[in-house]
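Just dropping this structure here.
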Amino acid sequence: MNEAIQAMQARSSVRSFDPRPLEPAHEQAILAAALRAPTAGNMMLYTILRIHDEKTRRALAETCDHQPFIAQAPLTLVFLADFTRWTELFEAAGVPELAREQGFPWQGPSMGDFLLCCSDALIAAQNAVIAAQSLGVGSCYIGDIMEQYETHRELFKLPPQAFPIAMLVLGYPKDGKMPAPRKRFDAKYIIHDEVYRDFPPQELLCMVEREEGHTQEPIHGVAPAEYVRRFFLRKQGAEFAREMARSAQAGLKAFMEEGRGNGDV
Ligand SMILES: Cc1cc2nc3c(=O)[nH]c(=O)nc-3n(C[C@H](O)[C@H](O)[C@H](O)COP(=O)(O)O)c2cc1C
């Protein structure tokens with residue numbers, strides 16, 4: 001195996017950090033790798049907020065579903081799905097007038113544009129994760145950055161067409177050791193040949209019965225259906241998931257409706 005594949009195979013999320021800051025060369029290399037990620041139309045439809053400030057990191061530890069380890073990581077990167085620069089460029093270049101002349105008034109970014117922004121931001125984030133791993137820097141995604149949209153918008157002074165889609169916390173792992181990789185579902189459930197394959201419920205229950213160590217709680221000692229019920233209560237059925245749904249709706253509404261360019265319909 002080459003080094004790139006080794007880094008991907010060895011990676012696992014790190015939630016316990018050495019407090020020392022990242023070496024500047026490491027931080028720079030991680031950010032440079034993020035910027036080299038593929039991007040739709042080479043438009044770079046994302047912005048990376050680099051957060052060192054301790055007060056902000058402590059605030060994020062609270063607003064992102066009360067996860068104290070967020071404040072312990074020396075570096076936080078917030079990945080914004082961001083169409084703002086292109087809206088402003090289009091306006092500066094006279095695109096609204098052009099589009100009107102052509103008979104298809106520019107109405108601001110579409111849902112498709114929003115999804116492209118999210119794709120761009122997440123692909124850049126994953127480049128950062130792999131670059132970090134190759135340098136001995138641990139990382140963990142924080143999906144809860146999608147919650148508390150209004151608070152984060154105020155905290156980061158976000159324009160309406162910039163939505164925080166992912167956050168990474170990074171640092172050297174405490175004790176200098178990366179955790180062991182965690183097990184995944186059997187590949188047959190995830191990689192389907194040629195056409196989609198639906199699995200009957202019994203086979204899906206087998207899917208979660210994979211070996212111990214695949215989730216935060218081992219399944220051993222619990223029947224698969226009971227395990228799935230408990231999992232639901234911890235995740236999709238939990239309060240944070242309701243907040244995420246509300247917040248994402250609010251962010252999407254701002255992105256689609258509040259943005260500049262809409263007045264030109
Ligand atoms: C989109 C996304 C959001 C995540 N959000 C969180 C989070 O808020 N808190 C956390 O501790 N881990 C979070 N994680 C990390 C996952 O829990 C972790 O990737 C998963 O359990 C598999 O473990 P591994 O990364 O060590 O292989 C997130 C991962 C992804 C990809």
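Just follow the structure's listing: the first ligand is 1, and inside any ligand the first atom is 1. We use all heavy atoms of the structure for the numbers below, so side chains are in, but hydrogens, waters and symmetry mates are not.
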For this session: Taking only Lys NZ, Arg NE, NH1 and NH2, and the carboxylate oxygens of Asp or Glu, determine whether Arg230 and Glu226 approach each other closer than 4.0 Å.
Result: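 Yes, charged N to carboxylate O under 4.0 Å.
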
For this session: Determine, for Asp186 against Lys188, whether the closest basic-nitrogen to carboxylate-oxygen distance falls under 4.0 angstrom.
Result: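 Here Asp186 does not pair with Lys188 in a salt bridge, since their nearest N and O are not under 4.0 Å apart.
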
For this session: Output every pair passing salt bridge (charged side-chain N to carboxylate O under 4.0 Å, His left out) with a member in residues 238-250, not counting sequence neighbours, ordered by first then second residue.
Result: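 Listed by first then second residue: Glu150-Arg246, Glu239-Arg242, Glu243-Arg246.
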
Exercise. If you count the atoms of ligand 1 from 1 in the order shown, which ones are under 4.0 Å from a heavy atom of Arg15?
Worked result: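 Atoms satisfying the 4.0 Å criterion: 10 (C), 11 (O), 12 (N), 15 (C), 16 (C), 17 (O), 18 (C).
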
For this session: State the atoms of ligand 1, each with its element, that fall below the 4.0 Å cut-off from a heavy-atom position in Ser12.
Result: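 Counting from 1, the qualifying ligand atoms are 26 (O).
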
Exercise. So with a 6.0 Å cut-off around CD of Gln6, is the heavy-atom count from everything else above 12?
Worked result: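 It does: Gln6 CD has more than 12 such atoms within range.
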
For this session: Below 4.0 angstrom from a heavy atom of Phe69, which ligand 1 atoms are there? Numbered from 1 as shown, please.
Result: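 Result: 11 (O).
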
Exercise. In ligand 1, which numbered atoms sit nearer than 4.0 Å to a non-hydrogen atom of Arg11?
Worked result: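 The atoms of ligand 1 under 4.0 Å from a heavy atom of Arg11 are 24 (P), 25 (O), 27 (O).
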
For this session: Answer side chain, backbone, both or neither: which part of Arg184 comes under 4.0 Å from ligand 1, heavy atoms only.
Result: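 Contact part for Arg184 vs ligand 1: side chain (C-beta onward).
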
Exercise. For ligand 1, which atoms, with element, lie under 4.0 Å from some heavy atom of Gln67?
Worked result: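 Going through ligand 1 atom by atom, the ones under 4.0 Å from Gln67 are 7 (C), 8 (O), 9 (N), 10 (C), 11 (O).
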
For this session: Show your reasoning for whether ring pair (Phe, Tyr, Trp, His ring centres under 6.0 Å) applies to Phe114 and Phe255.
Result: CA-CA 8 Å; Phe114 176 73; Phe255 190 99; 4.9 Å; yes

Exercise. If we only count heavy atoms from C-beta on, is the Phe199 to Leu205 side-chain gap below 4.5 Å?
Worked result: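 Phe199 does not reach Leu205 side chain to side chain.
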
Exercise. Considering only heavy atoms, does Cys140 approach ligand 1 within less than 4.0 Å through its side chain, its backbone, both, or neither?
Worked result: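 Under 4.0 Å from ligand 1, Cys140 contributes side-chain atoms alone.
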
